[in-house]
Amino acid sequence: MSARFEAVPVKVSAWLKVLLLVVSLIMLLPLYFGVQTLWGAANLGYRVTGDALQIQYAWTRHSIPLSEITAVDLVQPTRLSRIAGSNAPGLYAGRWTSKETGRIILFATRLDSLVVVRMSSEAWGLTPADPAALQAAILSRTPAEFAVRPGGASPLLVVLPLLLVLTLIPGTWWILRLIYRFPKALTYELGPSALVIETGWRPVRVPYNEIESVAETTVKGGPMRVYGSELKGVHWGLFSWSAVPGKRIHLYATQLKPIVLIRAGKRSFGLSPADAAGFVRALQERIGR
């Protein structure tokens with residue numbers, strides 16, 4: 001007959017909730033910029049209207065009044081350095097700088113040759129397929145549309161980073177959700193042949209015939225994480241603890257002192273049942289100690 005024991009209850013602290021919210025928002029930023037980069041690579045283009053130079057990039061359209069343009073130069077910078085923005089192969093967007101251009105806003109597919117559009121306050125770097133035609137259209141205020149110069153990079157080099165982001169975001173969110181749910185999900189079940197630790201993810205099974213000892217104790221010092229979580233109320237994973245036999249311990253606990261220490265062969269486990277005395281007594285009966 002099985003017996004289930006709840007872990008020592010703990011409240012998820014407000015700071016952990018805030019941390020999860022902040023991390024969630026941070027995770028959305030790479031997705032935002034990844035989608036923007038992919039979309040920008042697909043629709044980047046330039047248009048001269050009667051009164052403005054327009055740059056289409058993703059879902060935004062930048063408009064530079066022709067009356068504010070002071071110069072249009074063809075520049076071959078020796079070295080451009082990114083300040084902020086995209087550095088994807090074949091798509092360079094954002095703020096950059098070089099000796100030849102100074103600080104510049106790029107919407108370009110290459111870095112070796114640019115049409116630099118200057119204003120009194122800033123400069124823009126573009127890479128049309130026909131640089132001379134764009135320069136002439138701006139200076140003569142002749143309406144026209146201009147495709148970008150091919151970047152020379154495989155589209156996969158832009159798509160792959162986005163796919164990586166799309167893979168990491170749900171994985172990270174899943175891990176954070178497990179950590180958040182761990183204190184409520186953690187239970188210890190004494191089944192017919194084994195102790196089963198429910199963590200909210202994959203249950204951990206410890207056969208009775210492997211268990212050598214079980215006792216509630218206060219272990220000196222504290223654990224150091226090898227992998228897992230050591231947030232307050234969430235002690236989950238493999239830890240190094242010098243006062244524990246073998247100096248390694250698998251923790252599935254909401255508190256560390258006192259703790260129920262189980263020795264099973266070469267493995268040690270640290271648990272925190274709310275009814276520690278009842279749990280130890282019941283487990284000792286199961287293992288015949």
(request) Compare every heavy atom of Ala253 with every heavy atom of Tyr188, then report the nearest pair and how far apart it is. (result) OH-CA, 4.0 Å
(message) For residues Leu195 and Ile259: do they belong to one hydrophobic cluster (side chain heavy atoms under 4.5 Å, members Ile, Leu, Val, Met, Phe, Trp, Tyr)?
(response) no
(request) Search all heavy atoms of Thr199 against all heavy atoms of Tyr252 and return the closest pair with its distance. (result) CG2-CD2, 3.7 Å
(request) Indicate, with yes or no, if Val115 and Leu80 share a hydrophobic cluster defined by side-chain heavy-atom contacts under 4.5 Å among Ile, Leu, Val, Met, Phe, Trp and Tyr. (result) no
(request) State the CZ-CG distance between Arg118 and Asp73, to the nearest 0.5 angstrom. (result) 5.5 Å
(request) State, with a plain yes or no, whether a side-chain heavy atom of Trp236 is found less than 4.5 Å away from one of Trp201. (result) yes
(message) For a quick test of reading the model, state the closest non-hydrogen atom pair linking Ser193 to Arg205 and the distance between them.
(response) OG-NH2, 3.0 Å
(request) Determine the minimum heavy-atom distance between Ser98 and Arg79, stating which atoms define it. (result) CB-O, 3.0 Å
(message) Assigning hydrophobic clusters by single linkage (Ile, Leu, Val, Met, Phe, Trp, Tyr; side-chain heavy-atom cutoff under 4.5 Å), is Val280 placed with Ile211?
(response) yes
(message) Working note: Leu186 + Ile197, criterion side chain to side chain contact (heavy atoms under 4.5 Å, CB included); need CA distance, chi angles, decisive distance, verdict.
(response) CA-CA 7 Å; Leu186 184 61; Ile197 305 168; 3.9 Å; yes
(request) Give a yes or no on this: more than 12 heavy atoms of other residues, nucleotides or ligands lie within 6.0 Å of atom NZ of Lys257. (result) yes
(request) Mind checking the CG-CD spacing from Leu114 to Glu100? Nearest 0.5 Å is all I need. (result) 10.0 Å
(message) Nearest 0.5 angstrom please: Leu106 CG to Leu111 CG, how far?
(response) 6.5 Å
(message) Does either side chain, that of Thr254 or that of Ser272, offer a donor lying less than 3.5 Å from an acceptor on the other one?
(response) yes
(message) Is the shortest side-chain heavy-atom distance between Pro223 and Ser240 below 4.5 Å?
(response) no
(request) Give the C-alpha distance, both sets of side-chain angles, the deciding distance and a yes or no for side chain to side chain donor-acceptor pair (under 3.5 Å) between Thr187 and Arg4. (result) CA-CA 7 Å; Thr187 58; Arg4 183 181 293 270; 3.1 Å; yes
(request) Report yes if the side chains of Phe239 and Glu230 come closer than 4.5 Å at any heavy-atom pair, otherwise no. (result) yes
(message) Given 3.5 Å as the limit, does a donor-acceptor pair link the side chain of Gln36 with the main chain of Leu38, or not?
(response) no
(request) Check for a donor-acceptor pair, side chain of Trp124 on one end and backbone N or O of Phe107 on the other, with a separation under 3.5 Å. (result) no
(message) I need the Leu238 CG to Ile249 CD1 distance, nearest 0.5 Å.
(response) 9.5 Å
(request) Show your working on side chain to side chain contact (heavy atoms under 4.5 Å, CB included) between Val48 and Leu134 and close with a plain yes or no. (result) CA-CA 8 Å; Val48 176; Leu134 176 60; 3.9 Å; yes
(message) Does any part of the side chain of Ile262, heavy atoms only, come nearer than 4.5 Å to the side chain of Leu283, both counted from C-beta?
(response) yes
(request) Check the angle between the aromatic planes of Trp59 and Trp39 and answer parallel, tilted or perpendicular using the 30° and 60° thresholds. (result) perpendicular
(request) Please report the closest heavy-atom contact between Trp96 and Ser86, naming both atoms and the distance. (result) CZ2-O, 3.4 Å
(request) State plainly whether one hydrophobic cluster holds both Val204 and Val244, where clusters connect Ile, Leu, Val, Met, Phe, Trp and Tyr through side-chain heavy atoms under 4.5 angstrom apart. (result) no
(message) Quick check on the hydrophobic clustering: are Val75 and Ile104 connected, directly or via other members, by side-chain heavy-atom contacts under 4.5 Å?
(response) yes
(message) Measuring only between side-chain heavy atoms, which start at C-beta, is His235 closer than 4.5 Å to Leu271?
(response) no
(message) Thr127 vs Thr109, test: side chain to side chain donor-acceptor pair (under 3.5 Å). Steps then yes/no.
(response) CA-CA 6 Å; Thr127 50; Thr109 55; 3.1 Å; yes
(request) Please assess Thr217 against Val219 for the test side chain to side chain contact (heavy atoms under 4.5 Å, CB included), listing each intermediate value before the final yes or no. (result) CA-CA 6 Å; Thr217 183; Val219 183; 3.9 Å; yes
(message) Counting only heavy atoms from other residues, nucleotides and ligands, does the tally under 6.0 Å from CE of Met224 exceed 12?
(response) no
(message) Has Arg263 got a side-chain atom pairing as donor or acceptor with Gly265's backbone, closer than 3.5 angstrom?
(response) yes
(request) First locate atom CZ of Arg281, then atom CG of Asp275, and finally report the distance between them rounded to the nearest 0.5 Å. (result) 7.0 Å
(message) Please find the pair of heavy atoms, one from Pro131 and one from Leu74, that lie closest to each other, and give the distance.
(response) CB-CD2, 3.9 Å
(request) Report the C-alpha separation of Tyr208 and Leu190 in whole Å, then their side-chain angles, then the decisive distance to 0.1 Å, and conclude whether the side chain to side chain contact (heavy atoms under 4.5 Å, CB included) test is met. (result) CA-CA 9 Å; Tyr208 295 140; Leu190 300 179; 3.4 Å; yes
(request) Verify whether one side chain among Gln54 and Thr49 offers a donor that lies under 3.5 Å from an acceptor in the other. (result) no
(message) Once rounded to the nearest 0.5 Å, what's the spacing between atom OG of Ser268 and atom NE2 of His250?
(response) 8.0 Å
(message) Between Gln56 and Thr60 (side chain of the first, backbone of the second, donor and acceptor by atom type, cut-off under 3.5 Å), is there such a pair?
(response) yes
(message) For Gly85, is there any backbone N or O sitting under 3.5 Å from a side-chain donor or acceptor partner on Arg82?
(response) yes
(request) Kindly indicate whether the side chain of Arg286, heavy atoms from C-beta on, has any atom under 4.5 Å from the side chain of Pro192. (result) no
